[in-house]
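Single-structure report; data block below.
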Amino acid sequence: MVLFVGVTVLVLLMAYFCDTKESVQLHMDSPSNPALPESGSRPLGRGGLNRQQALNLWICGGIYGILSALSVCRIASGNDYWVYTSMFSLIAQGRHVSSEPGFNALVRLMQYFFGTQGYSYLPIFGIFSLLTVYFFLRAVYEQGNWFLGSLFLFLANGYYFSSFNSVRYYLVLGIALYSVKYVCRGEYLKFILWILAAATFHKSVLVVIPLYLGAHWLSGIRLRRWHYVLGALLVLSLVFGRDLYRFVIFKIYPYYENSMFDTVEYSLTNIGKCLGTLVLSLFCNRRVLWENRRDRFYFFLNLGGLALYTCGAFIPEVSRVAYYLVLPQIFLIPDLLGGIENKMARRLLTAGTALAFTAYFALFLRSAYDVNVRLLPYLNWIFN
């Protein structure tokens with residue numbers, strides 16, 4: 001636990017000196033109308049970077065090195081670690097596995113170079129770690145107006161440490177978050193191609209195509225009465241159409257039916273986070289949502305996540321779907337807090353939000369010792 005806390009504090013201290021507002025403008029605005037840099041931030045030097053941009057790259061490189069090293073060097077960390085090693089063995093033998101073809105192909109490629117005996121599974125976990133951290137960190141760098149705030153929420157929510165488990169899912173979760181920029185820029189073909197590529201590793205990511213495109217459409221129109229009626233009907237369909245949804249889900253994932261995952265469980269913490277974000281959006285900073293389409297897009301995603309957690313708890317491992325919707329909270333919450341005009345109120349709400357997520361992080365670390373999580377104690381192949 002000390003290692004996890006120490007890494008988190010070190011990374012956040014580094015992030016304090018990173019200013020990514022200009023990077024967000026360059027990467028999130030439509031290519032047909034790119035944002036022009038301010039006169040005070042024109043590139044300097046032969047490399048075409050000003051001082052802050054160069055510092056940002058050095059800081060992000062250091063953060064990437066720390067986070068990826070911690071993930072790459074782990075061994076027996078995560079409750080499905082040995083499940084994956086068994087899967088690697090089956091793939092090497094040419095036997096049937098339930099994982100998607102892209103995952104299987106990458107595993108075979110790594111086995112071609114590193115063999116299939118001994119500790120050959122370590123570089124396979126390593127490549128997944130490097131890719132996962134890359135997509136998450138690049139998404140935060142390109143989409144987070146307040147880099148420190150977004151990175152803090154990413155770490156405090158446990159997304160990074162949870163990526164030690166379910167390596168396929170967290171890789172595609174990172175790709176989904178990275179692909180958000182193409183939705184916001186209106187480059188829908190690029191977005192769909194990225195998601196289709198990610199689906200070869202975990203097909204659950206396909207749900208973001210209608211969800212993200214629908215939320216982006218809503219963020220760009222003036223809502224009328226029939227939109228609210230349709231939204232209410234969709235929520236009611238989750239309540240009264242459970243059997244139909246379950247039928248479709250079990251056609252796609254038949255091994256979930258009557259399994260240990262086929263239960264109805266309400267995640268009170270995730271419901272609380274979605275509700276808190278909703279309250280912050282509606283009562284603290286409606287002006288920010290009105291002026292910024294990206295934040296309205298994140299707002300509708302959060303609303304969808306709240307609907308899933310409250311009315312779709314019958315879905316096996318509902319967080320596998322809901323995380324695609326609630327993860328952009330790490331961009332929405334800092335934008336909402338930063339847009340509060342009253343300085344004292346902004347500081348108080350920011351401090352309160354930080355304390356709330358710090359408490360959640362403490363609870364997460366406490367649960368990391370659970371046999372069903374097994375992220376702690378942390379073991380690595382260098383010293384253990």
Side-chain angles (χ1 to χ4, degrees), residues 1-12 63-89 99-100 103 106-107 110 114 119-140 151-178 198 201-202 204-205 261 267 269-270 317 319-320 322-324 326-327 330 357 360-384:
M1 182 181 292
V2 173
L3 177 63
F4 282 10
V5 173
V7 166
T8 301
V9 171
L10 174 60
V11 164
L12 293 178
I63 292 174
Y64 177 75
I66 293 171
L67 295 181
S68 60
L70 189 67
S71 183
V72 167
C73 294
R74 75 186 190 279
I75 188 171
S77 185
N79 64 354
D80 61 355
Y81 189 91
W82 299 117
V83 174
Y84 270 99
T85 59
S86 299
M87 193 181 298
F88 299 157
S89 179
S99 50
E100 286 76 4
F103 171 80
L106 182 56
V107 171
M110 297 297 292
F114 296 98
Y119 294 97
S120 59
Y121 54 83
L122 292 179
I124 301 177
F125 281 113
I127 191 65
F128 276 97
S129 298
L130 293 172
L131 291 172
T132 301
V133 175
Y134 171 80
F135 282 111
F136 276 128
L137 188 59
R138 182 164 179 179
V140 174
L151 189 63
F152 166 75
L153 292 175
F154 172 67
L155 294 171
N157 277 284
Y159 296 124
Y160 163 69
F161 296 105
S162 294
S163 69
F164 295 3
N165 269 327
S166 304
V167 295
R168 290 186 299 128
Y169 172 75
Y170 276 92
L171 172 60
V172 303
L173 183 63
I175 295 174
L177 187 67
Y178 167 78
F201 289 85
H202 204 290
S204 68
V205 75
F261 303 108
S267 176
T269 54
N270 283 307
E317 292 196 285
S319 286
R320 290 289 179 94
Y323 271 13
Y324 292 123
V326 302
L327 182 54
I330 68 175
F357 280 100
Y360 176 84
F361 184 51
L363 293 175
F364 168 79
L365 291 178
R366 182 180 178 183
S367 69
Y369 286 100
D370 189 277
V371 67
N372 294 318
V373 182
R374 291 180 60 185
L375 294 176
L376 290 173
Y378 174 81
L379 302 175
N380 65 81
W381 47 262
I382 298 177
F383 300 108
N384 299 106

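Everything numeric in this text was worked out from a predicted model, so none of it was measured. The basis for the numbers below is simple: all heavy atoms, side chains too, and nothing from hydrogens, waters or symmetry mates. In what follows, residues are counted from 1 in the order of the sequence shown.
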Output yes when a side-chain donor or acceptor of [X] lies under 3.5 Å from a complementary backbone atom of [Y], and no otherwise.
| X | Y | result |
| --- | --- | --- |
| S367 | F364 | yes |
| S86 | W82 | yes |
| N79 | R374 | no |

At their closest point, which heavy atom of [X] faces which heavy atom of [Y], and how far apart are they?
| X | Y | value |
| --- | --- | --- |
| S129 | V72 | CB-CG2, 3.7 Å |
| L375 | G78 | CD2-CA, 4.2 Å |
| D80 | S166 | OD2-N, 2.8 Å |
| S68 | L130 | CB-CD2, 3.8 Å |

Atom pairs and distances, side-chain donor-acceptor, residues 152-161, under 3.5 Å, sequence neighbours left out:
unit_1 : atom_1 : unit_2 : atom_2 : d
N157   : OD1    : K273   : NZ     : 2.7
N157   : ND2    : L153   : O      : 2.7
Y160   : OH     : L67    : O      : 2.5

When rounded to the nearest 0.5 angstrom, what is the spacing between [atom1] in [X] and [atom2] in [Y]?
| X | Y | atom1 | atom2 | answer |
| --- | --- | --- | --- | --- |
| Y378 | L3 | OH | CG | 6.5 Å |
| L131 | S163 | CG | OG | 12.0 Å |
| F164 | T132 | CZ | OG1 | 10.5 Å |
| L365 | F4 | CG | CZ | 7.5 Å |
| L171 | L106 | CG | CG | 8.5 Å |
| Y81 | N165 | OH | CG | 12.0 Å |

Results of ring-ring contact (aromatic ring centres under 6.0 Å, His included) for [X] - residues two or more places apart only:
| X | value |
| --- | --- |
| Y169 | H202, Y324 |
| F88 | F125 |
| Y170 | none |

Using the side chain to side chain contact (heavy atoms under 4.5 Å, CB included) rule, take L122 and I75 through it: C-alpha gap first, then chi angles, then the decisive distance, then the call.
-> CA-CA 8 Å; L122 292 179; I75 188 171; 4.3 Å; yes
Decide ring pair (Phe, Tyr, Trp, His ring centres under 6.0 Å) for F128 and F103; before the verdict, give the C-alpha distance in whole Å, the side-chain angles of both, and the deciding distance to 0.1 Å.
-> CA-CA 10 Å; F128 276 97; F103 171 80; 5.4 Å; yes
Above 12 or not: heavy atoms from other molecules or residues under 6.0 Å from OH of Y119?
-> no
Are [X] and [Y] close enough that some pair of their side-chain heavy atoms sits under 4.5 Å apart?
| X | Y | answer |
| --- | --- | --- |
| N270 | S319 | yes |
| V205 | I175 | no |
| F201 | S99 | no |

Atom pairs and distances, side-chain donor-acceptor, residues 133-140, under 3.5 Å, sequence neighbours left out:
unit_1 : atom_1 : unit_2 : atom_2 : d
Y134   : OH     : R138   : NH1    : 2.5
R138   : NE     : E142   : OE2    : 2.6
R138   : NH2    : E142   : OE2    : 3.2

Contact list for residues 64-79, test salt bridge (charged side-chain N to carboxylate O under 4.0 Å, His left out), sequence neighbours left out | none
Could you walk me through whether L363 and T269 pass the side chain to side chain contact (heavy atoms under 4.5 Å, CB included) check?
-> CA-CA 10 Å; L363 293 175; T269 54; 5.8 Å; no
